[in-house]
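Okay, so here's the structure we're looking at.
In listed order, ligands and their atoms are each counted from 1. In what follows, every heavy atom counts, from backbone to side chain, and hydrogens, waters and symmetry copies are set aside.
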Amino acid sequence: MRNIVTGNWKSNKLWDEADKLMSELVTGIQSSGNTEVMVAPPTPFLAALQSKYNDQISLASQQCSANGEGAFTGEHTASMLKSIGVTSVLIGHSERRESFGETDEAVASKMERTLEAGLRAILCCGENLDERDAGNHFERVLGQLSHALKNVDAAGMEQVVIAYEPIWAIGTGRTASAAQAQEMHATIRQHLSTLYNETVASSTRILYGGSCKPSNALEIFTQPDVNGGLIGGASLNSSDFLAIVAASNEAISKAV
Ligand code: PEP
């Protein structure tokens, strides 16, 4: 199974900067080894990056509408993303949940729209610090997953990647320890075997996200249930992001 390393640029960079970063990544990733490299730039840049770099690095959208086509000013549908060559959509990122009121219900609808459009969903989940300190982190994360996946069957899971992102580690510089990441990833995998079956559990990629950087990526990626990363801050700089991709390749080669 190939790892996935995805850069989430969030609301950062103007066009010239985005173009430069993409060009550096395309040049730097001559052979991505056993890692699929993907970036999620700001929405206004998706179409231009797709036509300029033409699938050299696959593109994800940072979100999509919970609805289909229609009178929904400001929204973009999963089908629109598919029509310009985007391959994947981040769904349920904690910043969308916390700052834009994205509910579990909306996340479940976005999952449906994304899979219907034939795109891959990168489903984000994660607990906040209070939930972790109270020991409710497993319940919180598994609850988010059960909700988001309620209308996804085992066949649909082929289009789903899960990203575990503890909120207390996002953009804080405070990373989950490799042991904490592994413990949660193994619990998520176990949950998938309960919701679906062993095949789905073992074949679903589970990425770690939260202050992942060149200095800690290898240790996290070598955990048996970690299949790559969702990278925020460190994806804004090509050398850091390329070093994280290299760490993913090294982790895979150690596992073989
Ligand atoms: C993210 O927002 O998905 C993320 C992981 O951010 P950072 O790497 O900056 O913590």
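Checked options Val161, Leu149, Thr114; the residue passing with Leu123 is Leu149 (criterion: side-chain contact (heavy atoms from CB on, under 4.5 Å)).
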Just list the N/O pairs, ligand 1 to protein, that are under 3.5 Å apart, with the distance for each.
residue  : atom   : partner : partner atom : Å
ligand 1 : 2 (O)  : Lys10   : NZ           : 2.5
ligand 1 : 2 (O)  : His93   : NE2          : 2.8
ligand 1 : 3 (O)  : His93   : NE2          : 2.9
ligand 1 : 3 (O)  : Glu165  : OE1          : 3.2
ligand 1 : 3 (O)  : Glu165  : OE2          : 2.7
ligand 1 : 6 (O)  : Lys10   : NZ           : 3.4
ligand 1 : 8 (O)  : Gly232  : N            : 2.8
ligand 1 : 9 (O)  : Gly233  : N            : 2.8
ligand 1 : 10 (O) : Gly171  : N            : 2.7
ligand 1 : 10 (O) : Ser211  : N            : 2.7

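Annotation: side chain of Ile252 is not in contact with side chain of Phe221 (no heavy-atom distance under 4.5 Å).
Here Leu129 sits in one hydrophobic cluster together with Trp168; the rule is ILVMFWY side chains under 4.5 Å apart, joined directly or through other members.
In this structure, the side chain of Thr35 does not engage the main chain of Val37 through any donor-acceptor pair within 3.5 Å. Between the side chain of Asn12 and the backbone N or O of Trp9 there is at least one donor-acceptor pair closer than 3.5 Å. Without hydrogens or angle criteria, Glu139 side chain to Asn136 main chain gives no donor-acceptor distance under 3.5 Å.
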